[in-house]
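One structure follows; several queries about it will come next.
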Amino acid sequence: MNILSAIIVFENIHEVKRLFHWGPIIALTVIGVCSSMAILDSIIWYWPLDTTGGSINFIMLINWTVLILYNYFNAMFVGPGYIPLEWKPENQQDIMYLQFCRLCQGYKAPRSHHCRKCNRCVMKMDHHCPWINNCCGHLNHAYFTSFLLLAPLGCIHAALIFIMTMYTQLYDRISFGWSSVKIDMNAARHIHHPFMPFSIAAFAATLFALGLALGTTIAVGMLFFIQMKVILRNKTSIEAWIEEKAKDRIQYYQTGEDFIFPYDLGSRWENFKQVFTWSGTPIGDGIEWPVHERCNQYTLTIEQLKQKHDKRQRSVEYRVVEDYNGACCPLGKGLNTFFRTPCTEEPRIKLTKGETIFATRGTKWWMYGDKVLNEEQANVGVRIRGWFPRRCVEKCHYDSANNSASEEKKEQ
């Protein structure tokens, strides 16, 4: 019993540690600044005890804050749901349709993906969000999307309070001349509420909070529309990318296949209900899913296996000609490499002269690929992949499909 209690305490401490990351720190700071300044300014502008409108305004403001924090912390601490370690399908014949995760020592269930940050295979993974320091997936997708909706709405309300507070407080303090405008913060105000003075510092803080509120409204609002776009098609951001690659693969090889995304139920309302429910718990167990009548549980996983095989076939072998220390913005690799580093949380990998890399994608100045490992590393499931400067490698001038290094890479 003591061991079980210790495990529970350890897990709780691990979850609380999610707060001590730059993403939650910045997000909670923005929420705290906007909320506290909106509450203070609403007292100055529209004293809640004087009128019914003031009371409603104040209650709505508190309501926004509570709802935003409720959905934010649920998205963070409820988590996306994880595939059990060493998971296998009940029917052993279905293993041929699934990818094996060496790190979790189990098979990836349909719609699941391994997250390098969480170090687990995540149910219906959409993406790893640094702002909640957790993945967005099956169990917390509704909470995360609700947060993306409520945060802009709360910020719009706060921005209106900031604007009206500055307007009403400066109205009797601004005097216009022929060639100048003067602001006297000590002038008498038209509305007297001596409870809180509106000083120059309060004006500066309100202006700063207004900028935060407007910026948050635009940035988070765009994320909300992106999420709703995929939810109404019963997809995730990863699955939308898989679907695009499926179309490209079919067009490239002219296979004549008719790829149907299996989880789109044909109705936006039905797709919506897969994520948002009255109970707050999404439909499904995170492993088996409702699918299109012309598809089965493994339609998408089979497509992923095809894409993985195609990726191996089309990867290009490079040899490292210049050492690289894995820095995000390396100073010694040229200005273009420094300033055009990929804007992603995907890792950079260290390179040593003479190593071999199989590149799968890239930009003009950076490339992404897998490092060819020795036999010992490959046997324990180690995989090193990430971004590296293009200038550090040169293309091998022979057919990589017919050499032993290529065969070793394919075994990984």
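From a predicted model like this one, the values you see are computed outputs, not experimental measurements.
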Determine yes or no for a side-chain-to-main-chain donor-acceptor pair under 3.5 angstrom, with Gln99 supplying the side chain and Tyr107 the backbone.
no
For the student: nearest non-hydrogen atoms of Ile283 and Trp289, plus distance:
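Smallest heavy-atom distance, with atoms named: O-CZ3, 4.2 Å.
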Ile161 and Ser42: which non-hydrogen atoms are nearest, and at how many Å?
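So the minimum-distance heavy-atom pair works out to CG2-N, 3.7 Å.
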Determine, using ring centers only, whether His114 and Tyr82 are less than 6.0 Å apart.
no
Neighbour count above 12 (heavy atom, 6.0 Å) for Gln92 CD:
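Counting neighbours around CD of Gln92, more than 12 heavy atoms of other residues, nucleotides or ligands fall under 6.0 Å, so yes.
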So does Phe259 have more than 12 non-hydrogen atoms from other groups sitting under 6.0 Å from CZ?
yes
What's the shortest heavy-atom distance between Ile68 and Ile31, and which atoms?
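What the structure gives for the nearest pair is CG2-CD1, 3.9 Å.
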Could you pull out the closest heavy-atom pair between Leu139 and Pro282, with the gap in Å?
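In this case the closest contact between Leu139 and Pro282 is CA-CG, 4.0 Å.
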Taking 4.0 angstrom as the limit, do Lys306 and Asp310 come out as a salt bridge?
no
Does Lys350 NZ have over 12 foreign heavy atoms under 6.0 Å away?
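Open: at most 12 neighbouring heavy atoms sit under 6.0 Å from NZ of Lys350.
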What distance separates Ser237 OG from Lys229 NZ, expressed to the nearest 0.5 Å?
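One finds 10.5 Å between OG of Ser237 and NZ of Lys229.
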Hydrogens and angles aside, do Asp126 and Gln227 bring a side-chain donor and acceptor to less than 3.5 Å of each other?
yes
Is it the case that atom CZ in Arg268 sees more than 12 heavy atoms from other parts of the structure closer than 6.0 Å?
no
So which atom in Asn140 and which in Pro80 form the shortest heavy-atom distance, rounded to 0.1 Å?
OD1-CA, 3.5 Å
Using a 6.0 Å distance limit plus a 45 degree cone around the ring axis, check whether Lys333 lies over the aromatic ring of Phe338.
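No, Lys333 does not sit over the ring of Phe338.
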Is it possible for you to check whether Arg233 lies under 6.0 Å from the centre of the six-membered ring of Tyr263, through NZ or CZ, and within 45° of that ring's axis?
no
Identify whether the distance between the nearest side-chain nitrogen and carboxylate oxygen of Lys235 and Asp264 falls below 4.0 Å.
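Salt bridge flag = no for Asp264 with Lys235.
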How far does SG of Cys295 sit from CZ of Phe261, to the nearest 0.5 angstrom?
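So the SG of Cys295 and the CZ of Phe261 are separated by 9.5 Å.
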Smallest separation among heavy atoms of Thr165 and Thr168, with atom names:
O-OG1, 3.2 Å
Trp365 ring center near Trp387 ring center (under 6.0 Å):
no
Report the relative orientation of the aromatic rings in Trp269 and Phe272; use parallel for angles under 30°, tilted for 30 to 60°, perpendicular for over 60°.
parallel
Modelled atom types, side-chain donor and acceptor of Gln307 and Glu303, under 3.5 Å
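On atom types as modelled, these side chains qualify, holding a pair under 3.5 Å.
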More than 12 heavy atoms of other groups within 6.0 Å of Leu335 CG
no
Residues Lys371 and Glu355 bridged, charged N to O under 4.0 Å
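The answer is yes: the pair qualifies as a salt bridge.
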N-O pairing of Arg249 and Glu243 below 4.0 Å:
no
Should the pair Arg348 and Trp366 be classed as cation-pi, given the thresholds of under 6.0 Å to the six-membered ring centre and 45° from the axis?
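Relative to the ring axis of Trp366, which defines the angle, Arg348 lies inside both limits.
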Using the ring centroid of each side chain, check whether Tyr72 and Phe147 are separated by less than 6.0 Å.
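Ring centroids of Tyr72 and Phe147 are less than 6.0 Å from each other.
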Is the side chain of His138 donor-acceptor paired with the backbone N or O of Gly284 at a distance under 3.5 Å, no angle test?
yes
Using the side-chain hydrogen bond (donor to acceptor under 3.5 Å, both in side chains) rule, take Thr352 and Asp323 through it: C-alpha gap first, then chi angles, then the decisive distance, then the call.
CA-CA 5 Å; Thr352 303; Asp323 291 347; 4.9 Å; no
